[in-house]
Amino acid sequence: MKKISLIIGLLITLFSCGEIKKDSSSQKIATEQEKLPFFNQPDWTPEWIEPENPAYKKIHQIPSFSLVNQEGNTITEKDMEGKIYVANFFFTTCRNICSKMTTNMHLIQDAFADDEQLYLLSHSVTPKSDSVPKLKKYALENKIRADKWSLLTGDKSTIYRLAKQEYFAGDTIGFYQTGNEFLHTENFILIDKHRRIRGVYNGTLLVEIERIKEDIAILKREE
């Protein structure tokens, strides 16, 4: 009986070890799958590029910019150094998708209220009418915190170039437009600490807001 018990004990031990190895392997696969892709093209084709790949150094990056927020402060790419941020495009007089986007962006503001690594940028697509005082009024009405979320205005051609050519905020048609054709998009765009695009989401849908929160958590675990 002792011999049988010993054999059974060994089998249980071997089986347990096998399960541990299997679990470790599964965890490794899960971790790899958690990595967010990069987006280098306006058609939003996801690309998983490892640091050792020569293409890694050529990943699309949001360039330098200089715009003014609701407090009258100049915001540049330097203010985003070391931060993950969510960008979108709106205008204060919009009463359909923009109000939904503002409400949902507010959920992100609240979820990361004490997180200094996370910031929000909303660019006005009607900057001529969205003056600093108007943006300030909008911010107060919507309980927008300037330390977490900037409403940006400035030169229209600069904003539209950023939106279409750099953030791919509209669609492929918008990317190839040459003028200041009106931009109206529900996209929220997730930018990592190196100003690279890591996700795009429908900012009017609550399920997408949950997804962006999860993806922010993934980015926070990156080096």
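Given the structure is predicted, the values throughout are model-derived calculations rather than measurements.
Taken to the nearest 0.5 Å, the CG atom of L219 stands 9.5 Å off from the CD1 atom of I212. Between atom CD1 of residue I197 and atom CD of residue Q41 there is a gap of 10.0 Å, rounded to the nearest 0.5 Å. Atom-to-atom distance recorded for Y119:OH and I84:CD1 is 15.0 Å, nearest 0.5 angstrom. For the atom pair F90 CZ and L135 CG, the distance stands at 5.5 Å (nearest 0.5 Å). The NZ atom of K35 sits 10.0 Å away from the CZ atom of R198 when rounded to the nearest 0.5 Å.
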Could you please spell out the steps behind the side chain to side chain contact (heavy atoms under 4.5 Å, CB included) verdict for L67 and L162? CA-CA 11 Å; L67 297 167; L162 276 170; 4.2 Å; yes

Apply side chain to side chain donor-acceptor pair (under 3.5 Å) to T153 and D130, showing your working. CA-CA 7 Å; T153 189; D130 279 339; over 6 Å; no

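Taking each heavy atom of K156 and V125 in turn, the nearest pair found is CE-O, 4.4 Å. Shown here for T185 and A169, the closest heavy-atom pair between the two residues is OG1-O, 2.8 Å. When all heavy atoms of D215 and Y201 are compared, the closest pair comes out as OD2-OH, 2.8 Å. Here the shortest heavy-atom pairing between C94 and N96 reads SG-OD1, 3.2 Å. Here the closest non-hydrogen pair linking E186 and M101 is CA-SD, 3.5 Å. When all heavy atoms of P127 and G154 are compared, the closest pair comes out as CB-O, 3.2 Å.
A donor-acceptor contact shorter than 3.5 Å is absent between the side chain of N187 and the backbone of I189. Looking only at distances, no side-chain donor or acceptor of S150 sits under 3.5 Å from a matching main-chain atom of N69. A donor-acceptor contact shorter than 3.5 Å is absent between the side chain of R196 and the backbone of K193. Side-chain atoms of H123 come within 3.5 Å of backbone N or O of N88 as a donor-acceptor pair.
Remark: R195 engages no residue in a salt bridge (Lys or Arg N to Asp or Glu O under 4.0 Å) (not counting sequence neighbours). For H60, the ring pair (Phe, Tyr, Trp, His ring centres under 6.0 Å) criterion is met by F168, not counting sequence neighbours. By the side chain to side chain contact (heavy atoms under 4.5 Å, CB included) test, D114 pairs with no residue at all, sequence neighbours left out. For K100, the side chain to side chain contact (heavy atoms under 4.5 Å, CB included) partners at least two apart in sequence or on another chain are T204. For F65, the ring pair (Phe, Tyr, Trp, His ring centres under 6.0 Å) test picks out no residue, with sequence neighbours left out. For N142, the side chain to side chain contact (heavy atoms under 4.5 Å, CB included) criterion is met by T102, Y138, I144, not counting sequence neighbours. Checked against salt bridge (Lys or Arg N to Asp or Glu O under 4.0 Å), D115 has the following partners two or more places apart in sequence or in another chain: K220.
At a threshold of 4.0 Å, the pair R211-E208 counts as salt-bridged, since one of the basic side-chain nitrogens sits closer than that to a carboxylate oxygen.
Think of V207 as one node in a network of Ile, Leu, Val, Met, Phe, Trp and Tyr side chains linked at under 4.5 Å; its network also takes in L205. Other residues sharing the hydrophobic cluster of V68, ordered by chain and number and joined by side-chain separations under 4.5 Å: V132. Annotation for I49: hydrophobic cluster partners, listed by chain and number, are F38, Y56, I59 (ILVMFWY side-chain heavy atoms under 4.5 Å, direct or chained).
The salt bridge (Lys or Arg N to Asp or Glu O under 4.0 Å) pairs that include a residue from residues 133-151 are E71-K136, K137-E141, R145-D147, where partners are two or more places apart or lie in different chains. Judged as a side-chain hydrogen bond (donor to acceptor under 3.5 Å, both in side chains), the pairs with a partner in residues 72-85 (not counting sequence neighbours) are, in order, Y85-Y167.
Using a 4.5 Å heavy-atom cutoff, the side chains of F112 and Q117 are not in contact. Residues F188 and I108 form a side-chain contact, since some pair of their non-hydrogen atoms from C-beta on lies under 4.5 Å apart. Using a 4.5 Å cut-off on side-chain heavy atoms (C-beta onward), K213 and I216 make no contact. Counting only heavy atoms from C-beta outward, the side chains of F89 and S122 never approach each other to under 4.5 Å. The closest side-chain heavy-atom distance from L121 to M80 is below 4.5 Å. With a 4.5 Å cut-off on side-chain heavy atoms, L120 and L118 count as touching. Counting heavy atoms from C-beta outward, T92 and L151 have side chains that stay 4.5 Å or more apart.
Each of Q61, E47, K58 was compared with N40 under the side chain to side chain donor-acceptor pair (under 3.5 Å) criterion, and only E47 meets it.
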